[in-house]
Amino acid sequence: MSETQKSIYYPNKAFAKEARIKNMCEYHELQNWAHEDYEGFWDHYAKEKINWIEPYHTVLDESKAPFVKWFDGGRLNVSVQCIDRHLVDKKNKVAIIFEGDNGDQQMITYLSLSQKVNRFANMLRNQFGVKKGDRVVIYMPMIPEAAYAMLACARIGAIHSIVFGGFSAEALRDRIEDAQAELVITADGAYRKGKPYLLKNVVDEALCGSTPVKKVCVIERNHEEISWVSGRDYSYNELVANESSECEAESMESEDPLFLLYTSGSTGKPKGVQHNCAGYILWAQMTMEWVFDVKADDTYWCTADVGWITGHTYIVYGPLAMGATTVMFEGVPTYPDAGRCWKMVEEHKINQFYTAPTAIRVLHKTGEHEPAKYDLSSLKVLGTVGEPIDPPAWKWYYEAVGGSNCAIVDTYWQTETGGHVVSPLPGATPIKPACATFPLPGIMAEVVDEEGNKKEAGEQGLLCITRPWPSQIRNVWGDEERYVKSYFGDVTKNGKPVYFSGDGAIYDEEGYITITGRTDDVINVSGHRMGTAEIEAAIKKSSDVAEVAVVGKPHEIKGEGIFAYVVLKNEENLGELIETMKAINNVIKHEIGNIALCDDIVFVPGLPKTRSGKVMRRILRTIAKGEAVTQDTSTLEDPAVVAQIESCVKNGVC
Ligand code: PRX
């Protein structure tokens with residue numbers, strides 16, 4: 001353990017005095033309340049926070065667990081929660097600050113947001129015939145229209161499924177098919193590092209051949225020339241202008257689906273994680289208030305993309321539900337230089353800044369002294385998300401960006417948890433660097449063994465959540481069996497299945513939780529979750545490849561890199577290996593997108609398999625790290641293959 005990790009950082013006293021949760025006593029009181037009267041705890045917050053159209057009759061129904069119902073009988077609309085209710089006292093408050101790649105800005109007030117969302121919603125209903133329960137795929141850059149599209153879907157009860165703009169046409173096609181979406185909302189393109197790029201062409205490619213999609217709504221952002229399919233493609237900019245800025249919100253049941261978001265699992269096919277209205281929005285709002293402690297006049301910036309869960313919960317739904325000012329940024333943190341983020345913090349007087357460790361590492365490496373050039377005194381809370389943060393990056397973030405004066409909230413959560421589940425509270429928690437610290441009040445997160453027994457300090461265990469919570473995944477779209485098997489199949493407590501996150505974790509002597517990483521075949525590249533099976537399935541599509549195994553390998557910037565061991569069909573093809581490598585990466589680009597490109601591809605004569613044919617990935621991970629294999633290899637079908645693979649890795653090729 002490094003010196004940084006051993007230190008404890010106490011909350012800033014002035015900040016703590018004004019914080020919603022002011023000290024650990026208050027934290028324990030809340031957590032004890034939830035332990036003693038779980039339903040009473042949630043009932044209190046659901047009543048306090050949500051504008052119900054009709055009240056619920058049951059707080060939690062577990063009779064069909066793990067299919068649970070929260071706030072059954074209640075009716076609400078998430079767009080009303082995020083917009084309409086603020087029109088009473090915040091209509092002129094800025095809801096969204098948009099900053100484009102080139103620095104252009106838009107200040108969108110709650111009133112203006114309401115009008116834009118209502119027009120968008122009317123357009124979806126009137127021009128595209130979208131109804132409650134229909135799935136709408138959103139494939140968009142980081143522009144305010146992405147938020148309008150999400151909220152417009154929520155307003156009319158359509159279920160949005162955002163596909164990250166970096167995914168390929170093939171990946172987009174799979175997600176469209178799985179959700180059986182009839183409408184895609186996209187943009188002609190956007191700007192990145194000073195240059196326009198296109199998105200609509202990817203949609204065109206994804207819709208080639210048979211597709212459930214009947215219509216495409218195109219937002220014109222960069223006005224580049226794009227192809228147009230008449231009768232299928234429609235211009236948002238033209239259609240929306242004729243729509244009314246009043247739109248009746250659909251009355252939604254608490255457990256009606258709000259959105260799907262596809263994420264990687266341990267098999268090749270991504271899972272459509274389903275979140276429902278009431279529980280999700282309640283926790284999105286509560287965690288915004290507790291974890292970022294955003295105050296009425298604060299400006300909050302999360303640098304994620306709306307294509308990931310962080311963008312859903314902590315750029316759009318959470319901040320707007322609590323009536324905050326949220327920043328949306330189209331560009332990249334290093335353009336035009338490594339001072340971009342800090343310039344924006346100074347200019348917009350950002351109070352809470354939330355980003356991924358990969359971005360912190362990049363900014364640290366490329367612009368170590370940049371923060372000092374800007375006035376960052378507005379900052380109060382710094383957040384990290386998506387992957388473990390290493391102590392040097394943490395220290396730089398704390399000192400150079402936060403001026404040793406801001407709490408760093410290392411928020412642990414997942415697409416499936418909907419919102420933070422283990423995280424420091426900035427006014428209360430004494431922070432240990434690179435440690436997610438404690439479960440949030442109301443979240444029964446524990447580190448246990450497979451029988452649900454709590455692990456002792458220092459013992460590695462499984463991070464489970466042993467009671468349902470409002471914002472938990474409700475289903476894998478169209479696949480109840482997969483939902484049960486993926487999340488409730490590994491760990492039981494008192495004989496009952498409990499939610500297992502897929503992550504390992506460890507308590508220290510004081511009960512602090514540190515996440516130790518995935519226990520399954522999921523890797524985390526730049527905070528993006530990727531299934532090794534998904535990448536292997538893509539690589540196998542290359543005609544040269546007989547077998548492949550993909551593992552994660554520590555990477556200085558990205559956290560984890562992708563390392564592929566490939567067995568070629570024709571082992572004599574040595575002269576063309578560079579071409580084959582390129583071909584493999586091209587297949588990945590085509591099937592998934594650039595985010596899944598391999599950092600290392602090594603051609604090997606065979607894979608280390610047990611006699612039953614299972615690939616021993618642990619051995620491959622050890623070799624990828626450059627460490628000596630100490631595992632028992634006697635159970636392998638061909639133990640000699642290990643030395644051969646080691647030599648291939650050393651020499652770069654087979
Ligand atoms: O392994 C954990 C890691 O990211 C995974 C969830 O990925 P995804 O569903 O894409 O959501 C990312 C944004 C919430 C987890 O299973 N992870 C998330 N946060 C942390 C983390 N690992 C370490 N520390 C964190 N703070």
Side-chain angles (χ1 to χ4, degrees), residues 5 162-164 166-167 260-266 270-275 280 283-284 287 291 302-315 317-318 354-361 382-391 393-394 397 408-424 429 431-440 443 445 447 462-465 471-473 476 486-487 490 499-506 512-532 534 552 554 558-560 595-596:
Q5 267 171 305
I162 306 190
V163 179
F164 171 60
F167 277 121
L260 309 179
L261 184 57
Y262 284 80
T263 189
S264 299
S266 43
K271 298 177 273 199
V273 172
Q274 178 186 325
H275 281 289
Y280 170 80
W283 192 233
T287 46
V291 175
C302 165
T303 68
D305 187 286
V306 286
W308 307 108
I309 190 69
T310 309
H312 284 61
T313 310
Y314 297 113
I315 294 180
Y317 286 117
Y354 190 32
T355 195
T358 293
I360 298 168
R361 286 189 288 263
L382 300 173
T384 73
V385 58
E387 47 176 328
I389 180 162
D390 48 293
W394 192 96
Y397 199 30
I408 295 188
V409 288
D410 180 348
T411 62
Y412 166 80
W413 61 297
Q414 309 176 291
T415 305
E416 291 86 345
T417 66
H420 306 144
V421 286
V422 181
S423 172
T429 316
I431 288 169
K432 297 186 183 179
C435 172
T437 71
F438 301 108
L440 289 171
I443 302 292
V447 183
L462 310 171
L463 186 72
C464 289
I465 305 181
S471 67
Q472 79 176 58
I473 174 176
V476 170
S486 306
Y487 303 108
D490 296 308
Y499 177 88
F500 171 44
S501 61
D503 284 300
I506 200 158
Y512 279 68
I513 296 175
T514 295
I515 311 297
T516 52
R518 302 287 307 191
T519 61
D520 53 11
D521 292 324
V522 168
I523 52 181
N524 199 326
V525 182
S526 303
H528 299 151
R529 182 166 152 189
M530 228 103 42
T532 52
E534 200 179 336
K558 297 196 271 187
E560 268 187 297
I595 51 172

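The chain is numbered in sequence order, starting from 1. Just so you know, ligand 1 is whichever comes first in the structure, and atom 1 is the first atom listed for that ligand. Since we're looking at a predicted model, the values are computed, not measured.
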Engineer: Tell me every residue that passes side chain to side chain donor-acceptor pair (under 3.5 Å) with Thr532, counting only those two or more places apart in sequence or in another chain.
Structural biologist: none

Engineer: Residues two or more places apart in sequence or in another chain: which of them pass side chain to side chain donor-acceptor pair (under 3.5 Å) with Glu560?
Structural biologist: none

Engineer: Can you confirm whether Thr287 sits close enough to Leu440 that some side-chain heavy atom of one is under 4.5 Å from a side-chain heavy atom of the other?
Structural biologist: yes

Engineer: Should the ring pair Tyr354 and His420 be called parallel, tilted or perpendicular, given that the plane angle runs from 0 to 90° and is split at 30 and 60?
Structural biologist: perpendicular

Engineer: Tell me, please, which residues at least two apart from Tyr487 pass side chain to side chain donor-acceptor pair (under 3.5 Å).
Structural biologist: Lys271, Glu416

Engineer: Would Thr411 and Tyr314 count as a side chain to side chain donor-acceptor pair (under 3.5 Å) if you check the C-alpha gap in whole Å, the side-chain angles of each, and the deciding distance to 0.1 Å?
Structural biologist: CA-CA 12 Å; Thr411 62; Tyr314 297 113; over 6 Å; no

Engineer: Filter the ligand 1-protein atom pairs down to N or O on both sides and distance under 3.5 Å, then list them.
Structural biologist:
unit_1   : atom_1 : unit_2 : atom_2 : d
ligand 1 : 1 (O)  : Asp503 : OD1    : 2.7
ligand 1 : 1 (O)  : Asp503 : OD2    : 3.4
ligand 1 : 4 (O)  : Gly386 : O      : 3.2
ligand 1 : 4 (O)  : Asn524 : ND2    : 3.3
ligand 1 : 9 (O)  : Thr415 : N      : 2.8
ligand 1 : 9 (O)  : Thr415 : OG1    : 2.6
ligand 1 : 9 (O)  : Arg529 : NH1    : 2.6
ligand 1 : 16 (O) : Gln414 : NE2    : 3.0
ligand 1 : 16 (O) : Asp503 : OD2    : 2.5
ligand 1 : 16 (O) : Arg518 : NH1    : 2.8
ligand 1 : 17 (N) : Gly386 : O      : 3.4
ligand 1 : 19 (N) : Gly386 : N      : 3.2
ligand 1 : 26 (N) : Asp410 : OD1    : 2.7
ligand 1 : 26 (N) : Thr411 : O      : 2.8

